[in-house]
Amino acid sequence: SVVVLDDPRSLTAAGAAALTRYVDEGGGLWVLAGPRGGQALAPLEAVLPGVLGEERLGPSEPGLRPDAAPAEGPERYAWSDFELARVALDRRWDCEPRPGSAVWFRDAAGAPVLLAGERGRGRVLLWVSALEVGWTNLALKPVFAAWTDAGLRWLARYQGRPVWRGLLVGEPLVRVWDAGERAPASVSLTGPGGRRTTLLVRARRAEYLDTKEPGHYRLDWEGAAEGRAASETWAVNVDRSGGEGDLSPAAAVPWRPLRPARLREDFDAAVSGREARGGLLAALALLLLLESFLARPAPDERAEPVRRPVPA
């Protein structure tokens, strides 16, 4: 239901015409401008919800601000659940929204970065940056999954409720088969370290309590359909509310300088500390000498000589 056009190197007139017909007939199109921007997308300009201009550097402060992005109910997620202030947009293209289009997201300075529009019976999204690390870190942030999900559901006009298989470390992993699903007798669970466990399905329910490691937990079972197997992956994440898993920069850089000419010596000193025996023995000897000097007996006071008269 959706075509994603990511950083096209060249777009022919015939290709642009085919995409235009696809959108007019009800298709969804997501365009990622990429490093080439409007120059590569010129044949498709009439379909886009905004007019791309010059390349710009992003604001000095990171941040992604939702504007007209679809609001999510409490059963899914809210944009405030994600650390949008850490999404950096270092480079982007100027974009002037077309009449009737909506700005889903803006950068920290208020410039539009994700625009949505409709054409014919179809829908179009335009991301005015790239997904490369040199342009933005969006694809490295947790919000990227929700950002992608919201865009694809809107483009495809999907009205169903997605299943979110995300847990925190220590929360039980519970899989329940609905009445319309074929429930297996057992499932195989593979944890982050590769350890496999067999879970029995009772009353259409399988439960796993030992989610003490963050990572991916995969469920595999037979009988989803005749002759077909099923597989699901659950993500178990660290609870960041207590500070664990915090990726914010450290207040001080934890590096120690090493001299190339004395690399081994400096490395051993950083790991094991420096040899202090000689210095400590010398200090101890000095203290003993000082104590001996202070403890010596005081000299006796000499009595004055007695003068006796000498007889004549």
Side-chain angles (χ1 to χ4, degrees), residues 1-2 4 6 30 64 69-87 131 133 136-156 158-249:
S1 303
V2 178
V4 179
D6 180 16
W30 196 335
L64 189 66
E72 299 299 333
E75 71 278 2
R76 294 181 188 158
Y77 56 82
W79 296 117
S80 58
D81 293 340
F82 303 98
E83 297 173 324
L84 298 182
R86 297 189 178 186
V87 178
L131 291 182
V133 176
T136 178
N137 63 358
L138 173 63
L140 305 178
K141 296 299 181 180
V143 73
F144 181 66
W147 182 84
T148 306
D149 172 74
L152 294 178
R153 282 190 293 108
W154 182 80
L155 290 171
Y158 178 72
Q159 300 298 324
R161 178 179 176 179
V163 178
W164 291 90
R165 296 190 290 269
L167 304 169
L168 296 179
V169 169
E171 292 182 346
L173 190 160
V174 179
R175 173 61 159 96
V176 179
W177 282 261
D178 297 332
E181 295 182 286
R182 183 177 179 181
S186 63
V187 298
S188 174
L189 181 142
T190 305
R195 186 180 64 177
R196 297 173 65 89
T197 305
T198 299
L199 305 178
L200 297 179
V201 179
R202 295 186 175 93
R204 312 183 68 85
R205 174 189 175 98
E207 185 173 2
Y208 183 70
L209 303 178
D210 193 16
T211 57
K212 61 184 178 182
E213 295 182 66
H216 289 158
Y217 291 72
R218 194 181 76 248
L219 294 178
D220 299 286
W221 68 91
E222 301 290 340
E226 292 299 332
R228 293 178 55 190
S231 178
E232 290 181 355
T233 301
W234 293 66
V236 175
N237 305 304
V238 174
D239 184 2
R240 302 180 64 184
S241 62
E244 178 127 8
D246 187 6
L247 301 180
S248 58

Chemist: Work out which heavy atom in A206 is nearest to a heavy atom in L199; give both atom names and the distance.
Modeler: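 Shortest heavy-atom separation between A206 and L199 comes out as CB-CB, 4.5 Å.
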Chemist: Please tell me if the side chains of Y208 and V187 come closer than 4.5 Å, counting only heavy atoms from C-beta onward.
Modeler: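 Counting from C-beta outward, Y208 and V187 never come under 4.5 Å.
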Chemist: Of the non-hydrogen atoms in F144 and L138, which two are nearest, and what is the gap between them?
Modeler: CB-O, 3.3 Å
Chemist: So, for Y217 and L189, which heavy atoms are closest and what is the spacing to 0.1 Å?
Modeler: CD2-CD2, 3.9 Å
Chemist: Answer yes or no: is there a side-chain heavy-atom contact under 4.5 Å between L219 and L173?
Modeler: yes
Chemist: Only counting residues at least two apart or in another chain, list the ones meeting side-chain contact (heavy atoms from CB on, under 4.5 Å) with S1.
Modeler: A156
Chemist: Which pair of non-hydrogen atoms, one from P70 and one from W79, has the smallest distance, and what is that distance?
Modeler: O-NE1, 3.1 Å
Chemist: Contact between W221 and V201 at the side-chain level, heavy atoms closer than 4.5 Å - yes or no?
Modeler: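 The answer is no, as the side chains (C-beta and beyond) never meet within the 4.5 Å cut-off.
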Chemist: Surrounding CZ of R202 (heavy atoms of other residues, nucleotides or ligands, distance under 6.0 Å), is the total greater than 12?
Modeler: no
Chemist: Can you list everything that forms a side chain to side chain donor-acceptor pair (under 3.5 Å) with S231? Sequence neighbours excluded, please.
Modeler: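 Side chain to side chain donor-acceptor pair (under 3.5 Å) check on S231 returns D220.
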Chemist: Nearest 0.5 angstrom please: R204 CZ to R182 CZ, how far?
Modeler: 11.0 Å
Chemist: Side chain to side chain contact (heavy atoms under 4.5 Å, CB included) between F82 and L64: does it pass, once the steps are laid out?
Modeler: CA-CA 10 Å; F82 303 98; L64 189 66; over 6 Å; no
Chemist: Taking A235's backbone N and O only, do any of them form a donor-acceptor pair with R165's side chain (distance below 3.5 Å, no angle check)?
Modeler: no
Chemist: Using the side chain to side chain donor-acceptor pair (under 3.5 Å) criterion, which residues pair with E213? Sequence neighbours excluded.
Modeler: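 Listed in chain order: nothing, the list is empty.
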Chemist: Can you tell if the side chain of N137 reaches within under 4.5 Å of the side chain of V87, non-hydrogen atoms only?
Modeler: yes
Chemist: Can you tell if the side chain of P214 reaches within under 4.5 Å of the side chain of N237, non-hydrogen atoms only?
Modeler: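 Side chain of P214 against side chain of N237, heavy atoms only: no contact under 4.5 Å found.
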Chemist: Output all residues satisfying side-chain contact (heavy atoms from CB on, under 4.5 Å) with L168, sequence neighbours left out; order by chain, then residue number.
Modeler: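 Expected list: E171, D239.
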Chemist: Applying side-chain contact (heavy atoms from CB on, under 4.5 Å), name anything that partners T233, two or more places apart in sequence or on another chain.
Modeler: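 For T233, the residues satisfying side-chain contact (heavy atoms from CB on, under 4.5 Å) (neighbours in sequence not counted) are H216, R218.
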Chemist: Which heavy atom in W30 sits nearest to a heavy atom in L152, and how many Å separate them?
Modeler: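 Where W30 meets L152 most closely, the heavy atoms are CZ3-N, 3.8 Å.
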Chemist: With a 4.5 Å heavy-atom cut-off, do R86 and K141 have their side chains touching?
Modeler: yes
Chemist: Work out which heavy atom in L131 is nearest to a heavy atom in T136; give both atom names and the distance.
Modeler: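 The pair with the smallest heavy-atom distance is CA-CG2, 4.2 Å.
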Chemist: Excluding sequence neighbours, so at least two apart, what forms side-chain contact (heavy atoms from CB on, under 4.5 Å) with R205?
Modeler: V174, V176, E207
